[in-house]
Every structure is written in C-alpha cells, then in structure tokens.
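Here's the structure we're looking at; comments come further down.
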Amino acid sequence: MSYSVKFTLNHEQDTQHFAQVLSKQVHSGIIYLIGDLGAGKTTFTRYFLQSLGHQGSVKSPTYTLVEPYTIQGKEIFHFDLYRLDDPYELELMGIRDYLDTPDGLFLFEWPSKGGDEIPQPDVVIDIQKSDDELIRLVTLTVNSELLAQTLQEQLNGA
Ligand code: ADP
Ligand code: MG
C-alpha cells in the first residue's frame, strides 16, 4: 500500500525546506529520485545531506555512480545511474556490499536504469519541472500512512 502527498516547490528555498523536513522523518532505506535532467534531484540531495549536518561539497555522482557520505556516524550513499549502460555494472561495482550497510540510507537518481539490481523504494520523490524556471511539482510516495500524514501536515500545512 502506498500513500502520496503532492505539493509545489515555488523556488529553491522550498526545495531546501522539503529536504529538511524529509531528513527528519526518513533515516534509513531506499529513496528514489525521479525526474528529468535539471528537475532538481541532485539539488534536493545536496540540501538533504546538508540538513543532516554535512558541511563539505556534494558532487553529482554522474560519472562515479556513487558518492558515499558518513554524517554524524550515519552512512548515506548517493547514486546517480544516468550513465549506467547495463544494470549488471552495479553488480561489478559491488552494490551488494553497499546495500548490506546496516541502517544505510540510499538515494538513487535514475533508479529505472538499475533494473533488478536495486531494491524497491521506501520513498519515491517525483519532481516535475514546470514552464516556470523555478517551480517544481512534487509527488512524494511513502509506504506508511502515518508518515504520509506527517509529511502532508509539514509540507502542505493541512
Ligand atoms: P537533476 O539532478 O535533477 O538533473 P540538478 O539538481 O542538478 O537537477 O539541477 C536543478 C537545477 O534547477 C539547479 O540549477 C537548481 O538551482 C535549479 N532550480 C531552480 N528552481 C529549483 C527548485 N525549485 N528546486 C530545485 N532546483 C531548482
Ligand atoms: Mg542529478
């Protein structure tokens, strides 16, 4: 069963706020980031990591496939599968070892390119660009009704 919350990000500060809210609610598991190039998947991830306390840079792992972070003792992996030609490459790069990390948190850009090599998500963030340069339409899907209600209140104030 999945529960969705829809909201609008009117500018990048709203994306920062969304990342802050989510980082307080989701501490482990699999997050999918869906959306076209330039939708704001990496931008969201940057704010998410910063909101957990990360102070260094957040590079897009477009060429490295993954950037690992340890933030306040917590292990977080940011994947970008855009350039992946074959899901089997994930096997070769040792994705299973990453996924075995206890209480690990995994953010995947372009999860569709990972095929069966990546687990089903706990959270899906779908970001759509609009005609306006700054506005993004988000559909956030989670497995827990309680979490969906909490996020709905915090993001839509209702
Ligand atoms: P993706 O990783 O989805 O390809 P990026 O995060 O790299 O996209 O790029 C998104 C671009 O859009 C950034 O230049 C960012 O500054 C800009 N932007 C404008 N408005 C927003 C918004 N509301 N949320 C996120 N990014 C935005
Ligand atoms: Mg990106």
Side-chain angles (χ1 to χ4, degrees), residues 1-69 71-72 74-84 87 98-99 103-115 117-158:
M1 207 60 173
S2 58
Y3 304 88
S4 290
V5 182
K6 285 180 190 280
F7 50 95
T8 305
L9 305 169
N10 289 317
H11 38 70
E12 218 180 292
Q13 288 97 306
D14 286 355
T15 302
Q16 181 174 22
H17 176 248
F18 168 39
Q20 287 167 346
V21 165
L22 199 71
S23 71
K24 290 189 174 52
Q25 300 295 335
V26 176
H27 304 287
S28 61
I30 310 282
I31 300 178
Y32 282 7
L33 289 155
I34 317 261
D36 289 343
L37 282 176
K41 304 180 292 299
T42 301
T43 301
F44 169 85
T45 303
R46 186 172 293 125
Y47 286 130
F48 187 90
L49 296 171
Q50 286 171 350
S51 137
L52 293 173
H54 178 67
Q55 299 202 326
S57 64
V58 174
K59 289 174 278 175
S60 180
T62 309
Y63 293 95
T64 52
L65 285 182
V66 61
E67 284 289 339
Y69 298 86
I71 304 171
Q72 319 251 19
K74 176 151 200 55
E75 295 202 71
I76 301 170
F77 302 90
H78 177 205
F79 285 82
D80 182 348
L81 307 184
Y82 184 65
R83 299 206 165 261
L84 195 70
Y98 289 107
L99 293 170
D103 295 323
L105 178 61
F106 301 85
L107 296 127
F108 284 97
E109 296 187 39
W110 299 98
S112 58
K113 302 235 177 187
E117 294 290 336
I118 60 173
Q120 289 301 304
D122 300 294
V123 176
V124 178
I125 300 168
D126 186 316
I127 311 175
Q128 299 290 327
K129 285 217 265 186
S130 69
D131 292 340
D132 186 299
E133 193 59 31
L134 294 173
I135 297 179
R136 304 290 188 270
L137 308 172
V138 176
T139 306
L140 174 64
T141 305
V142 297
N143 292 323
S144 144
E145 187 174 16
L146 182 61
L147 177 57
Q149 274 171 4
T150 304
L151 291 167
Q152 166 73 15
E153 282 163 19
Q154 295 188 2
L155 294 164
N156 280 329

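Keep in mind it's a predicted model, so treat the numbers as computed, not measured.
Residues meeting the side chain to side chain contact (heavy atoms under 4.5 Å, CB included) test with Asp131, sequence neighbours left out: none. Residues passing the side chain to side chain contact (heavy atoms under 4.5 Å, CB included) test with Thr139 are Ser4, Lys6, Asp126, Thr141, sequence neighbours excluded. Judged as a side chain to side chain contact (heavy atoms under 4.5 Å, CB included), and not counting sequence neighbours, the contacts of Pro87 are Glu117.
Between Asp80 and Tyr63 there is no side-chain heavy-atom pair separated by less than 4.5 Å. In this structure, the side chains of Leu107 and Phe79 stay at 4.5 Å or more apart for every pair of heavy atoms. At a threshold of 4.5 Å between non-hydrogen side-chain atoms, the residues Leu140 and Val124 do not count as touching. Side chains of Phe108 and Leu33 form no contact here, defined as non-hydrogen atoms less than 4.5 Å apart. You'll find the side chain of Gln72 stays beyond 4.5 Å of the side chain of Leu52, heavy atoms only. Annotation: side chain of Ile76 is in contact with side chain of Leu49 (closest heavy-atom distance under 4.5 Å). Inter-residue side-chain proximity for Ile34 and Trp110 is flagged as unmet; no heavy-atom pair is nearer than 4.5 Å.
Taking each heavy atom of Ile30 and Pro119 in turn, the nearest pair found is CD1-CG, 3.7 Å. Listed here is the closest heavy atom pair of Ala148 and Val5: O-CG2, 3.5 Å. Across every non-hydrogen atom of Leu9 and Phe18, the tightest pair is CD2-CB, 4.0 Å.
Among pairs with a residue in residues 33-44, those fulfilling side chain to side chain donor-acceptor pair (under 3.5 Å) read Thr42-Glu109, at least two apart in sequence or across chains. Among pairs with a residue in residues 48-61, those fulfilling side chain to side chain donor-acceptor pair (under 3.5 Å) read Ser23-Ser51, Ser60-Thr62, at least two apart in sequence or across chains. The stretch residues 7-21 participates, sequence neighbours left out, in these side chain to side chain donor-acceptor pair (under 3.5 Å) pairs: His11-Gln13, Glu12-Tyr47.
Interatomic distance, Asp122 CG to Ser2 OG, rounded to the nearest 0.5 Å: 12.0 Å. Here the CG atom belonging to Leu134 is positioned 11.0 Å from the NZ atom belonging to Lys129, to the nearest 0.5 angstrom. Atoms OG and CG, from Ser144 and Leu146 in turn, are 5.0 Å apart once rounded to the nearest 0.5 Å. One finds the CG atom of Leu151 at 10.0 Å from the CG atom of Asn156 (value rounded to the nearest 0.5 Å). Remark: His78 NE2 to Leu65 CG distance equals 11.5 Å, nearest 0.5 Å.
Atom CG of Asp103 sits in a sparse spot, with 12 or fewer heavy atoms from other residues, nucleotides or ligands closer than 6.0 Å.
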Inset, instruction - Could you go through the side chain to side chain contact (heavy atoms under 4.5 Å, CB included) check for Phe7 and Leu137 one step at a time? - result: CA-CA 6 Å; Phe7 50 95; Leu137 308 172; over 6 Å; no

Legend entry - Chi angles and distances behind the side chain to side chain contact (heavy atoms under 4.5 Å, CB included) call for Tyr3, Asn143: CA-CA 6 Å; Tyr3 304 88; Asn143 292 323; 6.0 Å; no

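Considering Tyr69, Phe77, Phe48, Tyr32 in turn, Phe77 is the only one that fulfils the ring pair (Phe, Tyr, Trp, His ring centres under 6.0 Å) rule with Phe106.
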